[in-house]
Structure formats: C-alpha cells, structure tokens
Amino acid sequence: MAQAALGAAGLHFDELNKLRVLEPEVAQQTAQLREECRAFLDKIVEFQKIVGSLIELVDQLAKAAESEKMKAIGARNLLKSIAKQREAQEQQLQALIAEKKVQLERYRIEYETLCKIEADQNEFIDQFIFQK
C-alpha cells in the first residue's frame, strides 16, 4: 500500500530499495538507452577516425598523382623541346650541306677553268718550243 501511494505520487523503489522518481522499468530502459548511445557514440568516433585516415590517404594519393602528373608534363615538354632542337639542328645541317654543295660546285668550275688554262698554257709552251 505504501508503494501504491508512493507510485501515485511518482516515487518508486528500485532493486536496491532506493527511492527513485522514475519507474524501475523506465529507469532500466533509460540505462539501456544510455549504454546503446555510448556504444553508438564509440562507433561514430571510430568511424570518424577511419574516415579521417581515409581522407588523409586519399590526400596523399592525390598529391602523389599530382606530382607524377607534373613530372609527366615536364618530361613531355622536355621531349618537345628536344624534338624542336633536333629539327633546328637538322635545318642548320641542311643549310650547311647546301652551302658546301655550292662551294663544291664553285671549286669544280674553278678546277675545270684551271685545267683549261693549264691545257692552253701547255699548248702555248708546246707551240713556242716547236717554233724554235
């Protein structure tokens, strides 16, 4: 009867016979909910750590990929530069070859002219010797 009167007033006894404001069933559910909340909170904290480490890893991979990308762009630019240098060098060599061909032709003509002059001079010498 005392418990009924206290229950009507909103007071209850727990399993240790301590006076409580909540019903023992509600207090047990509250305690159980508190434990579930703590477990959930622990899982959330663990999830945040995992996500944080995943984000760190993805950032590192992104930095590494960006670094490799920059290296590849640099290598490609270097190859283009080398190709342009070779093209310019080839043009210079072609110009030099053309210049040497012109010089060779000039020397050939000069040689032919000198051979002709030599033949004329030899003929003149032969005629001079026969006249004496």
Side-chain angles (χ1 to χ4, degrees):
M1 177 146 110
Q3 283 186 349
L6 286 175
L11 299 175
H12 305 281
F13 287 101
D14 64 3
E15 63 273 355
L16 300 176
N17 289 327
K18 289 190 177 182
L19 189 61
R20 302 285 180 195
V21 177
L22 293 176
E23 294 180 24
E25 215 175 278
V26 173
Q28 181 184 3
Q29 290 174 353
T30 303
Q32 184 180 357
L33 180 61
R34 183 180 312 127
E35 290 302 317
E36 288 176 7
C37 287
R38 283 188 183 142
F40 179 74
L41 185 62
D42 290 342
K43 287 180 182 179
I44 290 293
V45 168
E46 183 180 342
F47 178 74
Q48 285 177 338
K49 287 179 184 177
I50 291 171
V51 169
S53 64
L54 179 64
I55 288 172
E56 255 183 59
L57 180 62
V58 169
D59 284 343
Q60 289 174 356
L61 290 174
K63 286 178 184 176
E66 188 67 25
S67 173
E68 291 299 318
K69 178 182 170 185
M70 295 306 287
K71 285 179 185 178
I73 289 171
R76 183 178 61 197
N77 290 342
L78 180 63
L79 283 175
K80 284 181 182 179
S81 172
I82 289 172
K84 287 181 181 181
Q85 286 176 351
R86 285 191 179 172
E87 194 175 300
Q89 186 180 17
E90 182 181 352
Q91 288 176 354
Q92 288 175 347
L93 290 174
Q94 291 293 340
L96 184 62
I97 288 170
E99 184 182 318
K100 294 297 180 180
K101 283 182 179 180
V102 168
Q103 188 178 12
L104 176 65
E105 183 63 24
R106 191 175 69 237
Y107 287 154
R108 188 187 60 75
I109 292 171
E110 186 178 340
Y111 175 73
E112 288 175 0
T113 305
L114 289 174
C115 285
K116 195 175 191 184
I117 292 173
E118 181 187 19
D120 288 345
Q121 287 178 353
N122 283 337
E123 186 181 330
F124 177 74
I125 291 172
D126 286 343
Q127 286 178 359
F128 186 71
I129 291 177
F130 288 131
Q131 289 178 355
K132 284 190 172 188

Side chain to side chain contact (heavy atoms under 4.5 Å, CB included) between L96 and Q92, intermediate numbers included: CA-CA 6 Å; L96 184 62; Q92 288 175 347; over 6 Å; no

Spacing of Q28 atom CD and T30 atom OG1 [to the nearest 0.5 Å]: 10.0 Å

Audit row: K84, E87, salt bridge (Lys or Arg N to Asp or Glu O under 4.0 Å) steps and yes/no: CA-CA 5 Å; K84 287 181 181 181; E87 194 175 300; over 6 Å; no

Residues, nucleotides or ligands: over 12 heavy atoms within 6.0 Å of R106 CZ: yes

Electrostatic pair E46-K43, nearest N-O below 4.0 angstrom: no

Gap separating the SG atom of C115 from the CD atom of E110, nearest 0.5 angstrom: 11.0 Å

Beyond-backbone contact of D126 with F130, side-chain heavy atoms, under 4.5 angstrom: yes

From CA spacing to verdict: side chain to side chain contact (heavy atoms under 4.5 Å, CB included), I44, F40: CA-CA 6 Å; I44 290 293; F40 179 74; 3.7 Å; yes

Separation between CG of L41 and CD of Q48, rounded to the nearest 0.5 Å: 8.5 Å

L61: hydrophobic cluster co-members (side-chain, 4.5 Å): L57

Cluster overlap F47 with I55, hydrophobic side-chain contacts below 4.5 Å: yes

CA sep, side-chain torsions, deciding dist, call: V102, E99, side chain to side chain contact (heavy atoms under 4.5 Å, CB included): CA-CA 5 Å; V102 168; E99 184 182 318; 5.8 Å; no

Separation of E118 CD from I125 CD1 (nearest 0.5 Å): 9.5 Å

Spatial distance of atom CG (D59) from atom CD (E66) [nearest 0.5 Å]: 12.5 Å

T113 side-chain N/O to I109 backbone N/O, donor-acceptor pair under 3.5 Å: yes

Pair E112-R108, salt bridge (Lys or Arg N to Asp or Glu O under 4.0 Å): steps then yes or no: CA-CA 6 Å; E112 288 175 0; R108 188 187 60 75; 2.5 Å; yes

Interatomic distance, L78 atom CG to I73 atom CD1 [nearest 0.5 angstrom]: 13.5 Å

Flag side-chain contact, heavy atom, 4.5 Å: V45 against K49: yes

